[in-house]
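Every heavy atom of this structure was used, including side-chain atoms; hydrogens, water molecules and symmetry mates were not. Fair warning: this is a prediction, and the values are worked out from it, not measured in the lab.
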Amino acid sequence: MLSPQTFVKKYDLLNCVQCGRCTASCPVSLKSALNIRHSVYRTLVGESSDILAQQIPLWDCTTCATCSERCPKKIKPFELLVAFRGNLIEKGRIQTTIREVLESLFKYGNPWGRIKEKRTEWTKDLKIKDFSKGEKADTLCFICCTVAYNPEAQGVAKAIAKIFESAKVDFGILGEEETCCGNEVRRMGEEGLFEVLQENNLDTFKKYQFVSQMVTLSPHCFNTFKNEYPKTDFSIIHYCQFIFRLMEQGRITLTKPLNKTVTYHDPCFLGKQNKIYDEPRKILQNIPGINFLEMDRSRERSLCCEGGGGRMWVEASGTGERLSEQRIKDAVEMGVEILATACPFCQLTLQDAVKTTGNEEKIQVKDIAELVAEAMS
């Protein structure tokens with residue numbers, strides 16, 4: 001177990017001026033006992049990390065990074081909470097759902113308890129190159145566990161395949177060799193398992209040296225491959241960046257007007273953590289018939305959907321409505337017909353929120369790739 005002094009040094013906590021911006025900006029602080037500033041203070045004064053890990057509602061944190069975005073000293077307080085989670089995992093003091101996720105990742109390479117043979121079922125009736133079957137392509141499309149296995153998210157992969165085929169992109173997938181990137185594993189505090197997943201993925205990438213670029217469907221995959229893996233021999237890009245590039249090159253033709261009023265929800269791992277704000281909006285504005293409206297809380301002020309940091313598999317301790325429900329209500333009040341996003345976690349949490357708020361007849365949640373694919377036919 002690390003000492004308080006080690007935490008202070010490792011996370012630059014001595015730079016903290018206790019201004020409280022981290023807690024004030026935390027999207028879950030209003031409905032939770034989570035107080036990030038106080039957690040940093042208690043660490044600074046030498047309280048045991050083991051005691052703090054048991055007293056702080058650690059799993060309320062979505063690791064959205066709003067706290068670090070607003071911090072005047074550029075500290076990343078959420079990383080301290082992740083380290084506390086690691087303490088609990090080492091001692092086996094975690095919820096059953098989290099334990100099941102970690103076991104599934106270790107056994108099957110995905111958090112959903114699905115076998116590898118099911119990972120490519122979404123490709124049925126599609127002609128997509130599969131590297132694991134000896135086929136080659138210039139571009140690797142990394143699908144993501146959630147998109148590959150969740151029926152409600154598989155439409156994103158199919159839309160991407162349609163777009164790339166139309167634009168004559170030479171692309172392929174890893175097929176059954178694709179393994180979780182480990183982004184959420186690391187944020188749940190299981191650093192050892194993250195390193196195992198990272199090593200497995202790097203070994204797989206080395207087998208396919210003909211790849212010049214990797215396009216990720218999930219911002220979570222993009223974030224960890226781009227920022228937390230050793231530098232690879234190929235470039236890494238999120239699909240919104242890639243699709244907008246194809247648009248600029250005139251390789252995508254959109255002929256079908258959608259005639260919808262649309263707004264955009266910024267995923268935290270795409271926006272706050274990687275500063276990709278413009279490309280998703282430019283894509284939507286290029287789709288014929290779309291009336292694009294900006295949400296009040298957008299770009300770096302965007303409201304987290306509560307899907308990150310392991311929160312897809314564990315409920316928060318606080319009470320009150322979910323942030324995703326607030327997001328849907330905000331969109332409905334704007335009068336939009338479609339809330340677009342570019343992240344499978346955001347898509348699933350927001351789709352659930354449409355149902356729990358009773359707004360099925362008023363609004364739809366769709367991925368940007370799905371809207372582009374609709375406008376192509």
A.B. asks: Whether Arg281 and Glu294 form a salt bridge (side-chain N of Lys/Arg under 4.0 Å from carboxylate O of Asp/Glu) is what I want to check.
C.D. replies: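 The answer is yes: the pair qualifies as a salt bridge.
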A.B. asks: Can you name the nearest heavy-atom pair linking Gly182 to Phe194, along with the distance?
C.D. replies: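 Reported closest heavy-atom pair: O-CD1, 3.2 Å.
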A.B. asks: Does Thr97 reach the main-chain N or O of Trp313 with its side chain, forming a donor-acceptor pair under 3.5 Å?
C.D. replies: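 Yes; judged by distance alone, with no hydrogens or angles, the pair exists.
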A.B. asks: Does any part of the side chain of Leu88, heavy atoms only, come nearer than 4.5 Å to the side chain of Gln54, both counted from C-beta?
C.D. replies: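 Gln54 reaches Leu88 side chain to side chain.
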A.B. asks: Looking just at side-chain N and O atoms, do Thr63 and Arg311 make a donor-acceptor pair shorter than 3.5 Å?
C.D. replies: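 Per modelled atom types, Thr63 and Arg311 side chains form no pair under 3.5 Å.
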A.B. asks: Under the 3.5 angstrom rule, does the side chain of Arg85 hit a backbone N or O of Arg187 as a donor-acceptor pair?
C.D. replies: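 A pair under 3.5 Å: yes.
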A.B. asks: Counting only N and O atoms by type, is there a donor-acceptor contact under 3.5 Å from the side chain of Thr66 to the main-chain atoms of Ser25?
C.D. replies: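 No, Thr66 side chain to Ser25 backbone: no donor-acceptor pair under 3.5 Å.
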A.B. asks: Please say yes or no: joined through hydrophobic side-chain contacts below 4.5 Å, possibly via intermediate residues, are Ile368 and Phe292 part of one cluster?
C.D. replies: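 Yes, it is one cluster - the side chains of Ile368 and Phe292 are joined through contacts under 4.5 Å.
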A.B. asks: Can you tell me how far CD1 of Ile338 sits from CG of Asn291, rounded to the nearest 0.5 angstrom?
C.D. replies: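 Rounded to the nearest 0.5 Å, the CG-CD1 separation comes to 11.5 Å.
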A.B. asks: Can you check whether Asn200's main-chain N or O pairs, donor with acceptor, with Thr204's side chain at less than 3.5 Å?
C.D. replies: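 Yes.
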A.B. asks: Run the side-chain contact (heavy atoms from CB on, under 4.5 Å) check on Met214 and Ile237 step by step: do they pass?
C.D. replies: CA-CA 6 Å; Met214 176 166 69; Ile237 188 171; over 6 Å; no
A.B. asks: Looking only at heavy atoms, what is the nearest atom pair of Arg186 and Val82, with distance?
C.D. replies: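 It is O-CG1, 3.2 Å.
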A.B. asks: Could you tell me whether a side-chain N or O of Thr341 sits under 3.5 Å from a main-chain N or O of His265, the two making a donor and an acceptor?
C.D. replies: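 A pair under 3.5 Å: yes.
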A.B. asks: Decide whether Met295 and Val365 are clustered together by the hydrophobic rule: side chain heavy atoms of Ile, Leu, Val, Met, Phe, Trp, Tyr closer than 4.5 Å, transitively.
C.D. replies: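 Yes, Met295 connects to Val365 through the hydrophobic network.
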A.B. asks: To check you understand the geometry: which heavy-atom pair defines the closest contact between Leu371 and Leu258, and what is its length?
C.D. replies: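 Leu371 and Leu258 have their closest heavy atoms at O-CD1, 3.7 Å.
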A.B. asks: Calculate, to the nearest 0.5 Å, the distance between atoms CD and CZ belonging to Glu135 and Phe210 respectively.
C.D. replies: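 Glu135 CD to Phe210 CZ: 9.5 Å, rounded to 0.5 Å.
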A.B. asks: Nearest 0.5 angstrom please: Thr216 OG1 to Gln241 CD, how far?
C.D. replies: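 Those atoms lie 8.0 Å apart.
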A.B. asks: Let me confirm one number: the CD1-OH distance from Ile163 to Tyr239, rounded to the nearest 0.5 Å.
C.D. replies: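 Reported to 0.5 Å precision, the distance equals 7.5 Å.
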A.B. asks: Taking side chain as C-beta onward, heavy atoms only, is Lys118 less than 4.5 Å from Trp112?
C.D. replies: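 No, every pair of side-chain atoms sits at 4.5 Å or beyond.
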A.B. asks: Which distance, rounded to the nearest 0.5 Å, do you find between the CD of Gln364 and the NZ of Lys260?
C.D. replies: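 With rounding to 0.5 Å, CD (Gln364) is 6.5 Å from NZ (Lys260).
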A.B. asks: Could you tell me whether the side chain of Gln198 reaches within less than 4.5 Å of the side chain of Leu202, counting heavy atoms only?
C.D. replies: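 In short, these two side chains touch, coming nearer than 4.5 Å.
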A.B. asks: Take Ser39 and Leu52 through the test side-chain contact (heavy atoms from CB on, under 4.5 Å) and record every step on the way to the result.
C.D. replies: CA-CA 8 Å; Ser39 302; Leu52 292 177; over 6 Å; no
A.B. asks: Passes side-chain contact (heavy atoms from CB on, under 4.5 Å), Phe205 versus Leu174? Steps please.
C.D. replies: CA-CA 9 Å; Phe205 296 157; Leu174 292 174; 4.1 Å; yes
A.B. asks: Side-chain heavy atoms nearer than 4.5 Å, only ILVMFWY residues, links allowed to pass through others: does that put Leu14 and Leu80 together?
C.D. replies: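 Yes, Leu14 connects to Leu80 through the hydrophobic network.
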A.B. asks: So among Arg301, Lys275, Arg299, Lys76, which one has a salt bridge (Lys or Arg N to Asp or Glu O under 4.0 Å) with Glu69?
C.D. replies: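 Filter result, single survivor: Lys275.
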A.B. asks: For the pair Ser104 (side chain) and Asn110 (backbone), establish whether a donor and an acceptor sit closer than 3.5 Å, ignoring hydrogens and angles.
C.D. replies: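 Yes, the answer is positive, given that a donor and an acceptor are paired below the 3.5 Å cut-off.
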A.B. asks: Return yes if a side-chain donor-acceptor contact under 3.5 Å exists between Thr349 and Glu306, otherwise no.
C.D. replies: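 No donor-acceptor contact under 3.5 Å links the two side chains.
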A.B. asks: Could you state the interatomic distance from CZ (Phe345) to OG (Ser218), rounded to the nearest 0.5 Å?
C.D. replies: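 The CZ atom of Phe345 sits 6.0 Å away from the OG atom of Ser218.
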A.B. asks: Evaluate the side-chain proximity of Glu321 to Lys329: yes if any heavy-atom separation is below 4.5 Å, no if none is.
C.D. replies: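 Side chain of Lys329 against side chain of Glu321, heavy atoms only: contact under 4.5 Å found.
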A.B. asks: Please report the closest heavy-atom contact between Cys304 and Leu323, naming both atoms and the distance.
C.D. replies: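 In terms of heavy atoms, the two residues are closest at O-CB, 3.1 Å.
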A.B. asks: Quick one: closest heavy-atom pair of Cys22 and Arg37, and the distance?
C.D. replies: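 Between these two residues, the closest heavy atoms are SG-N, 3.5 Å.
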A.B. asks: Measure from the side-chain N and O atoms of Asn286 to the backbone N and O of Lys282, and report whether any donor-acceptor pair falls under 3.5 Å.
C.D. replies: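 A pair under 3.5 Å: yes.
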A.B. asks: The test is ring pair (Phe, Tyr, Trp, His ring centres under 6.0 Å); show your working for Tyr149 and Tyr108 and say whether it passes.
C.D. replies: CA-CA 12 Å; Tyr149 288 116; Tyr108 305 121; 9.4 Å; no
A.B. asks: Can a donor-acceptor pair be found, under 3.5 Å and without considering hydrogens, that links the side chain of Thr179 to the backbone of Asn201?
C.D. replies: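 Absent.
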A.B. asks: State whether a side-chain donor-acceptor pair under 3.5 Å links Ser317 with Asp60.
C.D. replies: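 Yes.
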A.B. asks: What verdict does the side-chain contact (heavy atoms from CB on, under 4.5 Å) test give for Cys145 and Arg119, after you've listed the backbone C-alpha separation in whole Å, the side-chain angles of each residue and the deciding distance to 0.1 Å?
C.D. replies: CA-CA 8 Å; Cys145 301; Arg119 197 171 190 112; 3.2 Å; yes
A.B. asks: Around atom CD of Glu199, are there more than 12 heavy atoms of other residues, nucleotides or ligands at under 6.0 Å?
C.D. replies: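 Not buried by this count: 12 neighbours or fewer within 6.0 Å.
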A.B. asks: So do the side chains of Cys26 and Leu34 get within less than 4.5 Å of each other, counting heavy atoms only?
C.D. replies: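 A side-chain contact under 4.5 Å exists here.
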A.B. asks: Are Asp266 and Ser298 close enough, and set up right, to give a side-chain hydrogen bond (donor to acceptor under 3.5 Å, both in side chains), and what steps lead you there?
C.D. replies: CA-CA 6 Å; Asp266 288 278; Ser298 63; 5.0 Å; no
A.B. asks: Can you label the angle between the Phe131 ring and the Tyr208 ring as parallel, tilted or perpendicular, going by 30° and 60°?
C.D. replies: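 It falls in the tilted class, 30° to 60°.
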A.B. asks: Is a donor on one side and an acceptor on the other found under 3.5 Å between the side chain of Glu178 and the backbone of Ile143?
C.D. replies: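 Side chain of Glu178 to backbone of Ile143, a donor-acceptor pair under 3.5 Å: yes, one is there.
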A.B. asks: Looking at Gln154 and Glu121, would you say the former's side chain and the latter's main chain have a donor-acceptor pair under 3.5 Å?
C.D. replies: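 Not confirmed, Gln154 side chain does not pair with Glu121 backbone.
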A.B. asks: Is any side-chain heavy atom of Pro111 closer than 4.5 Å to one of Glu184?
C.D. replies: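 Of all side-chain heavy-atom pairs linking Pro111 with Glu184, none is under 4.5 Å.
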A.B. asks: Return yes if a side-chain donor-acceptor contact under 3.5 Å exists between Ser68 and Lys272, otherwise no.
C.D. replies: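 Side chains of Ser68 and Lys272: no pair found under 3.5 Å.
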A.B. asks: Can Tyr277 be reached from Phe269 by stepping across I, L, V, M, F, W or Y side chains whose heavy atoms are under 4.5 Å apart?
C.D. replies: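 Different hydrophobic clusters.
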A.B. asks: Could you tell me how the ring of Phe225 sits relative to the ring of Phe142: parallel (under 30°), tilted (30 to 60°) or perpendicular (over 60°)?
C.D. replies: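 Answer is perpendicular, since the angle exceeds 60°.
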A.B. asks: Using side-chain heavy atoms (C-beta onward) and a distance below 4.5 Å, is Val169 in contact with Arg251?
C.D. replies: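 Yes - at least one pair of side-chain heavy atoms lies under 4.5 Å apart.
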A.B. asks: Would you call the rings of His38 and Tyr41 parallel, tilted or perpendicular if under 30° counts as parallel and over 60° as perpendicular?
C.D. replies: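 Judged by the thresholds at 30° and 60°, the geometry between His38 and Tyr41 is parallel.
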A.B. asks: Is a salt bridge present between Asp125 and Lys158, judged by a nitrogen-to-oxygen distance below 4.0 Å?
C.D. replies: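 Here Asp125 does not pair with Lys158 in a salt bridge, since their nearest N and O are not under 4.0 Å apart.
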A.B. asks: Could you walk me through whether Glu315 and Arg322 pass the salt bridge (Lys or Arg N to Asp or Glu O under 4.0 Å) test, one step at a time?
C.D. replies: CA-CA 10 Å; Glu315 281 288 349; Arg322 299 175 181 178; 2.5 Å; yes
A.B. asks: What are the two closest heavy atoms between Tyr264 and Leu270, and how far apart are they?
C.D. replies: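 So the two residues come closest at OH-CD2, 3.8 Å.
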A.B. asks: Is there a salt bridge (Lys or Arg N to Asp or Glu O under 4.0 Å) between Asp12 and Lys73? Walk through the geometry before answering.
C.D. replies: CA-CA 9 Å; Asp12 298 322; Lys73 295 295 184 178; over 6 Å; no
A.B. asks: Check whether any side-chain heavy atom of Phe171 sits under 4.5 Å from a side-chain heavy atom of Ile128, and report yes or no.
C.D. replies: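 With C-beta onward as the side chain, the pair touches.
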A.B. asks: Let me see the working for Asp138 and Lys129 under salt bridge (Lys or Arg N to Asp or Glu O under 4.0 Å), right down to the final yes or no.
C.D. replies: CA-CA 11 Å; Asp138 175 70; Lys129 292 182 179 179; over 6 Å; no
